[in-house]
Amino acid sequence: MRDVTTAQTTELDVQPTPLALLLLGREADPRSERGVECPGDLPSASDPDLVERARAAKEKLGDKVFVLGHHYQRDEVIQFADVTGDSFKLARDAAARPEAEYIVFCGVHFMAESADILTSDDQKVVLPDLAAGCSMADMATAEQVAECWDVLTEAGIAEQVVPVSYMNSSADIKAFTGKHGGTICTSSNAQRALEWAFEQGEPNSTKVLFLPDQHLGRNTAVRDMGMTLEDCVLYNPHKPNGGLTAEQLRAAKMILWRGHCSVHGRFSLESVRDVRERIPGVNVLVHPECKHEVVEAADYVGSTEYIIKALEAAPAGSKWAIGTELNLVRRLANRFAPEGKEVVFLDKTVCFCSTMNRIDLPHLVWTLESLAEGNLVNRIEVDKETEAFAKLALERMLALP
């Protein structure tokens, strides 16, 4: 992935957009999960003592700290995680450790919010870099979703709509979901969550507003539940009335929010065809956040945990092309190479999750040393009203059979 510098943009006679400046860390937007500066001085990334400093600070904190590492984190960070997993598993793990005063979440902003919602008031959730956000979560703001609900109300269908929000959403969106009788889902239980939602009203009139990832919603509805692509409409928050007519909204079963994962959305049908040509006999395994045509062309589709378990159960000598974040794919390739399993990244172009990768060793060291010195930094705290409704939505998911 090329890094476009300010000098390059000047030569091209192009001015950086506000979004570009956010991604470059040169501007801040308090309404966004991106671009928030980290206070304090970070240790140099070239410091050869970073690993030892992290170990020493973690040892000094002892049971007071519990470090969570998402699967997509760098190896240099994962080595200090007490547990690894996907976002919801980690949030539950944090709640199961009430003796830990500090929960250091090596992930992104919405994950830390979920951990704060599920942990006790005595526990403090810390995100090593406040700029570690999620582009998908940013694609649905509370204001946009409230406006969408007004559109559904004007179309006369709001009472028939049950919101289902993906775990990869802000606390505000989870709270909206809870307040309007909906539930949260993960990539593992999306089908069950949708089945539950459709059971909440009349069989032929209930609709689902699926936030914020269109691809997970579409793939689950069509691939797993037998709906058609015509049953789904795409609500674009940047167009009047979402770019849809009242008739289209009334006819739809699934109202999909126009959001996506910037990493999983880059995999294409060409990627699948190319890897099959390059590696005869390869098994293509992709995450359900991928585009519908990619999922249809793959051999296997599943969540991050599913991907890991599939490779664990795979026979020696098997070949796998994985369509998910590169840090995890590379870690799996190294792990299973001794067993004779070949694991490659589905796309030929290298692409990490840029915001997840903001949690690096210097940020982790700074965080642990600050906590060890008694200085609480980068706390993620959800206000009580938002927490109450968000927790209600999460509890509905936990109650799913």
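Just so you know, these numbers use all the heavy atoms, side chains as well, and skip hydrogens, waters and symmetry mates. The chain is numbered in sequence order, starting from 1.
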* Answer yes or no: is there an ion pair linking Lys253 with Glu230, defined by an N-O contact shorter than 4.0 Å? => no
* Asked: Are Glu339 and Lys341 ion-paired here, with the side-chain N under 4.0 Å from a carboxylate O?
  -> yes
* **Reference residue Arg53; test side chain to side chain contact (heavy atoms under 4.5 Å, CB included); the match among Leu368, Val365, Leu364, Leu361** => Val365
* Non-hydrogen side-chain atoms of Lys174 and Met167 separated by less than 4.5 Å -> yes
* Minimal non-hydrogen separation, Cys134 against Val108, with atom names -> CB-CG2, 4.2 Å
* Ignoring hydrogens and angles, state whether a donor on the side chain of Ser271 or Asp274 is under 3.5 Å from an acceptor on the partner side chain. => no
* With a distance cut-off below 6.0 Å to the six-membered ring centre and an angular limit of 45° from the axis, does Lys179 pair with Phe389 as a cation-pi contact? -> yes
* Test item: Leu376 and Tyr102 side chains (from C-beta on) under 4.5 Å apart, heavy atoms -> yes
* Asked: With a 6.0 Å cut-off on ring centres, are Phe345 and Phe267 close enough?
  -> yes
* Asked: Is there a side-chain contact between Asp299 and Arg276, using heavy atoms and a 4.5 Å cut-off?
  -> yes
* To do: Begin with the C-alpha distance, continue with both residues' side-chain angles, and end with the deciding distance and a verdict on side chain to side chain donor-acceptor pair (under 3.5 Å) for Tyr72 and Thr304.
  => CA-CA 10 Å; Tyr72 297 167; Thr304 302; 3.3 Å; yes
* Count the heavy atoms belonging to other residues, nucleotides or ligands that lie under 6.0 Å from CD of Glu395, then report whether that count exceeds 12. => yes
* How far does OG of Ser170 sit from CG of Asp138, to the nearest 0.5 angstrom? -> 8.5 Å
* To do: Report yes or no: do Thr228 and Asp231 form a side-chain donor-acceptor pair below 3.5 Å?
  => yes
* Any sub-3.5 Å donor-acceptor pair from Asp129's side-chain atoms to Ile359's backbone N or O? -> no
* Asked: Do side-chain atoms of Asn283 reach the backbone of Lys319 as a donor and acceptor pair under 3.5 angstrom?
  -> yes
* Asked: For the residue pair Arg258 and Pro237, what are the closest heavy atoms and their distance?
  -> CB-CD, 4.1 Å
* Roughly how far apart are Met136 CE and Cys353 SG, rounded to 0.5 Å? -> 9.5 Å
* If you count the non-hydrogen atoms of other residues, nucleotides and ligands that lie under 6.0 Å from CG in Asp63, is the total more than 12? -> no
* To do: For Thr153 and Asp150, run side chain to side chain donor-acceptor pair (under 3.5 Å): C-alpha distance rounded to whole Å, both residues' side-chain angles, the deciding distance at 0.1 Å, then the answer.
  => CA-CA 5 Å; Thr153 301; Asp150 289 341; 5.1 Å; no
* Examine the side chains of Glu325 and His287 and answer whether a donor and an acceptor come within less than 3.5 Å of each other. => no
* Quick one: OG on Ser169 to CE on Met139, what's the gap to the nearest 0.5 Å? -> 13.5 Å
* To do: Flag the pair Phe336 / Trp320 as yes when their ring centroid distance falls below 6.0 Å, and as no otherwise.
  => no
* Asked: Would you call Arg250 and Glu154 a salt bridge, taking side-chain N to carboxylate O under 4.0 Å as the test?
  -> no
* **Over 12 non-hydrogen atoms of neighbours within 6.0 angstrom of CD in Glu199** => yes
* Between Phe176 and Trp149, what is the ring plane arrangement, given parallel below 30°, perpendicular above 60°, and tilted in between? -> perpendicular
* Asked: What pairs with Lys391 under salt bridge (Lys or Arg N to Asp or Glu O under 4.0 Å), at least two apart in sequence or on another chain?
  -> none
* Asked: Between the main-chain N or O of Gln73 and the side-chain N or O of Arg331, is there a donor-acceptor pair closer than 3.5 Å?
  -> yes
* Asked: Less than 4.0 Å between a side-chain N and a carboxylate O, is that true for Arg55 and Asp49?
  -> no
* Atom of Ala100, atom of Val65 and distance for their closest heavy-atom approach -> CB-C, 4.4 Å
* **Pairs touching residues 238-247 that satisfy side chain to side chain donor-acceptor pair (under 3.5 Å), sequence neighbours left out** => Thr245-Gln248
* **Derivation and outcome, side chain to side chain donor-acceptor pair (under 3.5 Å), residues Gln214 and Tyr235** => CA-CA 9 Å; Gln214 59 169 304; Tyr235 183 94; over 6 Å; no
* To do: Any pair with a residue in residues 76-85 that passes side chain to side chain donor-acceptor pair (under 3.5 Å), sequence neighbours left out, goes on the list, sorted by first then second residue, please.
  => Lys58-Asp82
* Can we say Asp93 and Lys89 salt-bridge, meaning some charged N sits less than 4.0 Å from an Asp/Glu carboxylate O? -> yes
* Measure from the side-chain N and O atoms of Thr119 to the backbone N and O of Ala115, and report whether any donor-acceptor pair falls under 3.5 Å. => yes
* Asked: Can you check whether Gly178's main-chain N or O pairs, donor with acceptor, with Arg396's side chain at less than 3.5 Å?
  -> yes
* Between Glu195 and Arg192, is there a side-chain N and carboxylate O pair less than 4.0 Å apart? -> yes
* Asked: When rounded to the nearest 0.5 angstrom, what is the spacing between CG in Leu285 and CG in Leu332?
  -> 9.5 Å
* Answer with yes or no whether the side chains of Thr386 and Asp383 bring together a donor and an acceptor at under 3.5 Å. => yes
